[in-house]
Enquirer: 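Please see the structure below; I have some questions.
All values reported here derive from a predicted model rather than from experimental measurement.
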Amino acid sequence: MWLSRFFLLMYAWNFRGNHRITVENDVETSVTVNDIQRISELVTSSFYGETAMRSKKGFMGRKEIVVIGSGTVRAGFDLSSMTEDDFYCDGDTLYLDLPEPKILDVIVNPKDYEIFDCNSKDWSQNEINNIVSQMRKEIERDAIKHGVLATANTEGVKKMQRLLMDFGFADVRVS
């Protein structure tokens, strides 16, 4: 999580003096719709989860495999979809309409799972990939159940307010 904050801060610092525009109220700011869109994804929450998936096949389910794995869910905002309609400036107050937070990705690397079974040669790589795909969905459901989207929303509002206030707005109201 600290890494995403670092990159956001570095990105903001780099475009701070490069894209000056004058808003109708004569408040100078470095923020433009294009600048926000170029951030693209703002990750504001992550969740680490572990799960075990069991699968059976064959006559009376005698061939069994257990896959235990872990993964990371990243949640936040897709800022690339924002338009000028999402920004409104009234004096030195900026009103910002953020998109809904969403799951940006679920990462389960091959090194993040272990296979336990009686006979692994009975399982094709495609079958194992299907089990890992189910595992990915389970970790995502668990993250949502534990409030990763609510945390992403709360943290996203705070981060956008701080970022935009650093560019000269006295108040930033995010909805």
Side-chain angles (χ1 to χ4, degrees), residues 1-15 33-83 85-87 96-164 174-175:
M1 183 172 269
W2 68 269
L3 192 59
S4 65
R5 289 181 185 154
F6 175 75
F7 284 119
L8 179 62
L9 181 62
M10 291 304 295
Y11 182 81
W13 186 260
N14 283 338
F15 78 72
V33 175
N34 290 334
D35 292 327
I36 297 294
Q37 288 173 332
R38 279 192 298 190
I39 293 173
S40 186
E41 287 183 348
L42 177 62
V43 178
T44 55
S45 181
S46 62
F47 175 87
Y48 176 81
E50 294 178 327
T51 189
M53 302 299 288
R54 177 182 303 238
S55 187
K56 295 181 179 187
K57 71 177 186 176
F59 180 70
M60 296 182 66
R62 290 192 176 158
K63 297 178 183 178
E64 181 178 31
I65 188 170
V66 176
V67 180
I68 299 174
S70 60
T72 302
V73 177
R74 295 180 337 128
F77 301 90
D78 177 8
L79 301 179
S80 64
S81 64
M82 295 186 74
T83 67
D85 295 335
D86 296 321
F87 299 85
L96 174 65
D97 188 18
L98 273 176
E100 290 292 316
K102 65 181 189 176
I103 302 296
L104 298 172
D105 57 15
V106 181
I107 303 164
V108 178
N109 294 319
K111 66 179 181 177
D112 292 336
Y113 64 85
E114 294 181 53
I115 299 172
F116 299 94
D117 69 332
C118 297
N119 200 348
S120 62
K121 68 179 180 162
D122 293 331
W123 297 86
S124 71
Q125 187 60 45
N126 192 39
E127 289 172 315
I128 293 171
N129 290 345
N130 286 338
I131 294 169
V132 172
S133 178
Q134 292 173 5
M135 187 182 318
R136 188 175 284 117
K137 291 176 187 174
E138 182 64 29
I139 291 171
E140 180 178 347
R141 280 191 292 271
D142 199 29
I144 292 170
K145 183 174 83 176
H146 282 87
V148 73
L149 291 174
T151 302
N153 188 57
T154 302
E155 290 300 312
V157 167
K158 289 178 190 175
K159 287 179 183 184
M160 290 303 287
Q161 284 174 324
R162 275 187 248 130
L163 175 67
L164 295 171
V174 181
S175 62

Enquirer: Work out which heavy atom in Gly71 is nearest to a heavy atom in Ile139; give both atom names and the distance.
Expert: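 Smallest heavy-atom distance, with atoms named: N-CD1, 3.6 Å.
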Enquirer: Distance from Leu163 atom CG to Met160 atom CE, nearest 0.5 Å?
Expert: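 Reported to 0.5 Å precision, the distance equals 6.0 Å.
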Enquirer: Counting only heavy atoms not in Arg54 (residues, nucleotides, ligands), do more than 12 fall under 6.0 Å from its CZ?
Expert: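 No, not enclosed.
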Enquirer: Using side-chain heavy atoms (C-beta onward) and a distance below 4.5 Å, is Glu41 in contact with Asp105?
Expert: no
Enquirer: Please determine whether the number of non-hydrogen atoms from other residues, nucleotides or ligands lying under 6.0 Å from atom CD of Glu100 exceeds 12.
Expert: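 No - once you tally the heavy atoms of other residues, nucleotides and ligands closer than 6.0 Å, there are 12 at most.
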Enquirer: Would you say the side chain of Tyr113 lies within less than 4.5 Å of the side chain of Ile128, judging by non-hydrogen atoms?
Expert: yes
Enquirer: Dump the intermediate steps for side chain to side chain contact (heavy atoms under 4.5 Å, CB included) on Val148 and Ile103, then the final yes or no.
Expert: CA-CA 9 Å; Val148 73; Ile103 302 296; 3.8 Å; yes
Enquirer: I need the Leu42 CG to Ser80 OG distance, nearest 0.5 Å.
Expert: 12.0 Å
Enquirer: Does some side-chain heavy atom of Leu164 sit less than 4.5 Å from a side-chain heavy atom of Leu96?
Expert: yes
Enquirer: Around atom CD of Glu127, are there more than 12 heavy atoms from other residues, nucleotides or ligands closer than 6.0 Å?
Expert: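 Yes - once you tally the heavy atoms of other residues, nucleotides and ligands closer than 6.0 Å, there are more than 12.
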Enquirer: Using distance alone, with no hydrogens and no angle criterion, decide if Asn130 and Gln134 have a side-chain donor and acceptor under 3.5 Å apart.
Expert: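 Absent: no donor and acceptor within the cut-off.
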Enquirer: Ser133 side chain to Asn129 main-chain N or O, any donor-acceptor pair under 3.5 Å?
Expert: no
Enquirer: Closest heavy-atom contact between Ser70 and Met135?
Expert: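 Minimum heavy-atom contact is N-SD, 4.5 Å.
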Enquirer: May I ask you to test the Leu79-Leu98 pair for a side-chain heavy-atom distance under 4.5 Å?
Expert: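 Touching, per the 4.5 Å side-chain cut-off.
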Enquirer: Applying the side-chain contact (heavy atoms from CB on, under 4.5 Å) criterion to Thr44, which one of Lys159, Lys158, Arg74 satisfies it?
Expert: Lys159
Enquirer: Please report the shortest heavy-atom distance between Asn153 and Phe77, naming the atom on each side.
Expert: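 Nearest pair, atom of Asn153 first, then Phe77: CA-CZ, 3.8 Å.
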Enquirer: If you measure from CD1 on Ile68 to CE on Met53, what distance do you get to the nearest 0.5 Å?
Expert: 12.0 Å
Enquirer: List the steps, then state whether side chain to side chain contact (heavy atoms under 4.5 Å, CB included) holds for Ile65 with Ile131.
Expert: CA-CA 10 Å; Ile65 188 170; Ile131 294 169; 3.6 Å; yes
Enquirer: Between NZ of Lys145 and CD of Glu138, what distance do you get to the nearest 0.5 Å?
Expert: 7.5 Å
Enquirer: Give, for atom NE2 of His146 and atom OG1 of Thr151, the distance between the pair rounded to the nearest 0.5 Å.
Expert: 11.0 Å
